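Residue numbers start from 1 in every chain, and the chains themselves are labelled A, B, ... in the order their sequence lines are given, proteins ahead of strands. None of these values were measured; they are calculated from a predicted model.
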Amino acid sequence: MGIESQIKASVVKAVQELYGETIAAESVQLQITRKDMKGDFTVVVFPLLRMSKKNPVQTGQELGEYIKKDLSSVAEFEVIKGFLNLSLSHSHWLTLLNNVATDEQYGFKPVTDASPLVMIEYSSPNTNKPLHLGHIRNNLLGFSLSRVVQANGNKVVKTNIVNDRGIHICKSMLAWQKWGEGQTPESTGKKGDHLVGDFYVKFDQEYKKEIAALIPGHKATYASLAQVDDVEATLKQLAEKSKSKEGLNDAEADQMEDCKKVIDFAKNNAPLIIEAREMLRKWEARDPEVFKLWETMNQWVYNGFDVTYKTMGVDFDKIYYESDTFSVGRDMVLGGLEKGAFYRRDDQSVWADLSTNGLDEKLLLRSDGTSVYMTQDIGTAKLRFDDYPINKMVYVVGNEQNYHFQVLSIVLDRLGFEWGKDLVHFSYGMVELPEGKMKSREGTVVDADDLMEEMVNTSREMSKELGKLDGYSEEEAEQVYRIIALGALKYFILKVDPRKNMTFNPKESIDFNGNTGPFIQYTYARVQSLIRKAADKGIEVPASVNAQVEMNEKEVQLMRMLANFPNVIAEAGSVYSPAIIANFIYDLAKEFNQFYHECPIVFEEDQAKRAMRLLLCQNVGKVIKQGMWTLGIDVPNRM
RNA sequence: GGUUCCGUAGCUCAGCUGGAUAGAGCAAUAGCCUUCUAAGCUAUGGGUCGUGGGUUCGAAUCCCGCCGGAAUCACCA
């Protein structure tokens, strides 16, 4: 039994014996003592006054005396206001340190054959353009989450559903056919995903021109727009105004409607979009030429993605492609239709009526029988369920899709998937620039490859300036630059509560000092350096230490933090938040650096003390490494 | 308009199952390398926790109203 449960049990006994009342152990309010107070654990006595019928200080005093007698680990106590602060004996902490030292996987729960299987879907890119900062957050969160879940004793399957079909990729394909002049990644020296992305942009530019060209002719149909020159600008103005307090008058509202109609018409009748749709139809009909082009360009993109994933350090156990799953989804929906879970409208489209769940109706199959986003997710779910004995499914997808997953959960449940009802949508916030959302149109999208390359460059410059890696070979040094660069980026993203939107300022590069990945990595390297220094002097880190060694406050504080690490891992697992671990390791590293500055370690003359400090250092290093592992961040031995 | 989420130092973020004097980093200022890595450490300044009520012995934390911001409500994905 851990010390926390022991204290709670002791409080329960005390209340029983002193006041004759029975309380539940879970109701005991036990917390870690504030840093500026003396003590390790604090019992909040306010809730117990009802039992004791005495004032807070007196109650705390009585409880303290009881607990001190009851538990040998409790050395002393102090009552301040309504708080009973308990101090544990040094031998308690030293015993704990010895236990930490013998546990290679300290803080992690073992994964066994009997462990539940959790499937985690993340990344899930479209194949029409390269990955950007938003994808980076998704990938880092997904990968880290898979490790956090694993550290909590679950089997994990990391999966990726690649959105490889649809109108978006047809746009890139069409633009390549028209303006590509046979360019390939090889002929241009460009990464495949970037090349395909360039044609997606090209399509968009040409498409915009066509829309603009169509508007004037169609505008004449609407009397309300006779005085309007620029329909798009007018719509924008009206839309802004409708959101403002002023609102729109009737004439303006009509005008806005007509603007929308004109623009919709232009969007739907531009020759390029018609051609792209035609291409999609050909693809669905397996037209050989279109299919070949589709395969070729997707392959370019995959080759590009592979490089990005590798640099980022993420991977997958199983990849699904929507081109394989969408028709399965269609069959599932039709099956559900037969069972009466869904209904068909007169125009042949298929819908789910979710009004009993407090939601709207949701389209599952278009009137022409083709599938929509939802249909594909249903099909993917079916294949996954066939492939793996899934106990829990986690989708790492942005919070813009909250509604989608609410619906998906209900629909899967109706289709009989056991885990449908409690699938987890790990809903994370957007990455925003100081000016707001990233917009490809305005060229403000932060490209993943570019960002990582810049980080490595900064890391290289900084390391060279500091001259810390002298004596390393070029390759060894380059490896460390990458570890630090990626550590900075990953920590920057992961330390933020995943549910919240976060701001990234591309003008201010990511820091390497302060509350950052490199700070933590540096602390780890510092520990390794200490151990090397000790070895140079013929001093080994002991396997365990004598529980009678004297300790100072800094040392005790570090041991408290080590003791808390398993709770942090468990907490992060239960609320799906790598950020909790990130913030914990930062605090630990900060605490360690203070200790390092105050206390000699290798140079400590008292042998027993030196041994204890070395063991403490080594295990702080171990916990940092374990924690960083759950974030997917490597730690260097030197930096 | 309905639903959901967010608002903490100049900036980026912790703290939120109610608990003691609200914390870090960055930025600013002043110190610390002839002993273990200065990507470090120490010190100073910086706050009506959006706002107004309520519940409570106790509210940044829970409830309600308001203000401000975001997302979503497609035969798009």
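The side chain of A:Q594 contributes an N or O atom lying less than 4.0 Å from OP1 or OP2 of B:rU42. Checking the phosphate oxygens (OP1, OP2) of B:rU37, a side-chain nitrogen or oxygen of A:K533 falls inside 4.0 Å. When the side-chain nitrogen and oxygen atoms of A:N513 are compared with OP1 and OP2 of B:rG40, one or more of them lie within a distance under 4.0 Å. Using a 4.0 Å cut-off, some side-chain N or O of A:R366 falls inside it from OP1 or OP2 of B:rC76. Side-chain N/O atoms of A:K500 include none lying less than 4.0 angstrom from OP1 or OP2 on B:rC16.
B:rG68 and B:rU51: their C1' atoms are spaced 10 Å apart (whole Å). One P atom belongs to B:rC6, the other to B:rG15, and the distance between them is 12 Å to the nearest Å. Annotation: B:rA20 and B:rC49 have their P atoms spaced 15 Å apart (nearest Å). With both ends at atom P, the span from B:rG1 to B:rA28 equals 44 Å, rounded to whole Å. When the P atom is used for both B:rA24 and B:rG69, the distance is 33 Å, rounded to whole Å. Taking the C1' atoms as reference points, B:rC13 lies 22 Å from B:rU17, given to the whole Å. Taking atom C1' on both B:rG46 and B:rA9, the two are 6 Å apart, rounded to the nearest angstrom. When the C1' atom is compared between B:rA59 and B:rA71, the two are found 29 Å apart, to the nearest whole Å.
Applying the 90° criterion around 0 to the glycosidic angle, B:rC64 comes out anti.
Protein atom CZ of A:R34 is 6 Å distant from nucleotide atom P of B:rA20, rounded to whole Å. Rounded to whole Å, the distance from CZ on A:F592 to P on B:rA24 is 20 Å. Between the CG atom of A:L363 and the P atom of B:rU72 there is a distance of 19 Å, given to the nearest Å. Taking atom CD1 of A:I580 as the reference point, atom C1' of B:rA14 lies 11 Å away to the nearest angstrom. Residue A:F512 contributes atom CZ, which lies 22 Å from atom P of B:rU37 at whole-angstrom precision. Look at OH on A:Y491: it is 13 Å from P on B:rC13, rounded to the nearest Å. Between the CD atom of A:E435 and the P atom of B:rC11 there is a distance of 15 Å, given to the nearest Å. Note: NE2 (A:H597) to P (B:rC41) measures 6 Å, nearest angstrom.
Using a 4.0 Å cut-off between a side-chain N of Lys or Arg and a carboxylate O of Asp or Glu, A:R532 and A:D536 do not qualify as a salt bridge. Taking a cutoff of 4.0 Å between a charged side-chain nitrogen and a carboxylate oxygen, A:R281 and A:E278 qualify as a salt bridge. Residues A:R638 and A:E476 are not paired through a salt bridge, judged by the lack of any N-O separation under 4.0 Å between the basic side chain and the carboxylate. Taking 4.0 Å as the cut-off between side-chain N and carboxylate O, A:R366 and A:D368 do not count as a salt-bridged pair.
Among the heavy atoms of the strands lying under 4.0 Å from A:M37 is at least one base atom, whether or not backbone atoms are also near. Base contact: A:K468 has a heavy atom under 4.0 Å from a base atom. Using a 4.0 Å heavy-atom criterion, one finds that A:C617 contacts no nucleic acid atom at all. When heavy atoms are screened at a 4.0 angstrom cut-off, A:A534 is found touching no nucleic acid atom at all. Counting any heavy atom pair closer than 4.0 Å across all strands shown, A:D587 reaches no nucleic acid atom. Base contact: A:Q401 has a heavy atom under 4.0 Å from a base atom. At the heavy-atom level, A:S427 lies nowhere under 4.0 Å from the strands shown. Counting any heavy atom pair closer than 4.0 Å across all strands shown, A:F46 reaches a base atom. Nucleic acid contact for A:Y596: base, since at least one base atom lies under 4.0 Å from a heavy atom of the residue.
A:Y320 and A:Q376 are not linked by any side-chain donor-acceptor pair at a separation below 3.5 angstrom, with hydrogens and angles left out of the test. The closest side-chain donor-acceptor pair between A:S172 and A:N128, if any, does not fall under 3.5 angstrom. Looking at A:N85 and A:T42, their side chains do bring a donor and an acceptor atom within 3.5 Å of each other. In the model, A:Q557 has a side-chain atom that pairs as donor or acceptor with a side-chain atom of A:R560 under 3.5 Å.
Side-chain proximity of A:Y373 to B:rU21, B:rC13, B:rA77: nearest is B:rA77. Closest to the side chain of A:R638, from the set B:rU37, B:rA20, B:rG25, is B:rU37. Here the side chain of A:N593 is nearest to one of B:rC57, B:rA77, B:rC41, namely B:rC41. The nucleotide whose nearest atom lies closest to any side-chain atom of A:K590 is, among B:rC36, B:rC41, B:rA77, B:rC41. Among the nucleotides B:rG19, B:rA39, B:rA77, the one closest to the side chain of A:V372 is B:rA77. Out of B:rU42, B:rA77, B:rG40, the shortest distance to the side chain of A:F519 is found at B:rG40. Checking B:rA14, B:rA39, B:rG19 against every side-chain atom of A:Q29, the shortest atom distance belongs to B:rG19. When distances are taken from the side chain of A:T503 to each of B:rC36, B:rU12, B:rG19, the shortest belongs to B:rU12. Comparing B:rU37, B:rA20, B:rU72 by their closest approach to the side chain of A:E400 singles out B:rU72. Looking at the side chain of A:R526, the nearest of the listed nucleotides B:rU4, B:rA38, B:rA70 is B:rA38.
The ring pair (Phe, Tyr, Trp, His ring centres under 6.0 Å) test applied to A:F342 returns no partner, not counting sequence neighbours.
Both A:D368 and A:V44 lie close to RNA chain B; mapped to their nearest nucleotides by heavy-atom distance, the more 5′-ward contact belongs to A:V44. Toward the 5' end of RNA chain B, the nearer of the two residues A:I32 and A:I484, judged by each one's closest nucleotide, is A:I32.
Dense packing is recorded around CD of A:E553, with more than 12 heavy atoms of other residues, nucleotides or ligands lying under 6.0 Å away.
Between the side chain of A:T523 and the base of B:rA39, no donor-acceptor pair under 3.5 Å is found. Judged by distance alone with a 3.5 Å cut-off, no donor-acceptor contact links the side chain of A:T516 to the base of B:rA39. For a distance-only test at 3.5 Å, the side chain of A:N85 qualifies as a donor-acceptor partner of the base of B:rA20.
In this structure, A:F83 counts as stacked on the base of B:rA20 under the 5.5 Å centre distance and 30° plane angle limits.
Of the possible polar contacts, none joining the A:S463 side chain to the A:R460 backbone as a donor-acceptor pair under 3.5 Å is found.
The side-chain contact (heavy atoms from CB on, under 4.5 Å) test with A:Y491 is passed by exactly one of A:I510, A:L486, A:I633, A:D511: A:I633.
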(request) Using a 3.5 Å limit on both pairing distances, list the dot-bracket string of RNA chain B from the 5' end; Watson-Crick and G-U wobble pairs count, crossing pairs take [ ], interstrand pairs take |. (result) (((((((..((((.....[...)))).(((((.......))))).....(((((..]....))))))))))))....
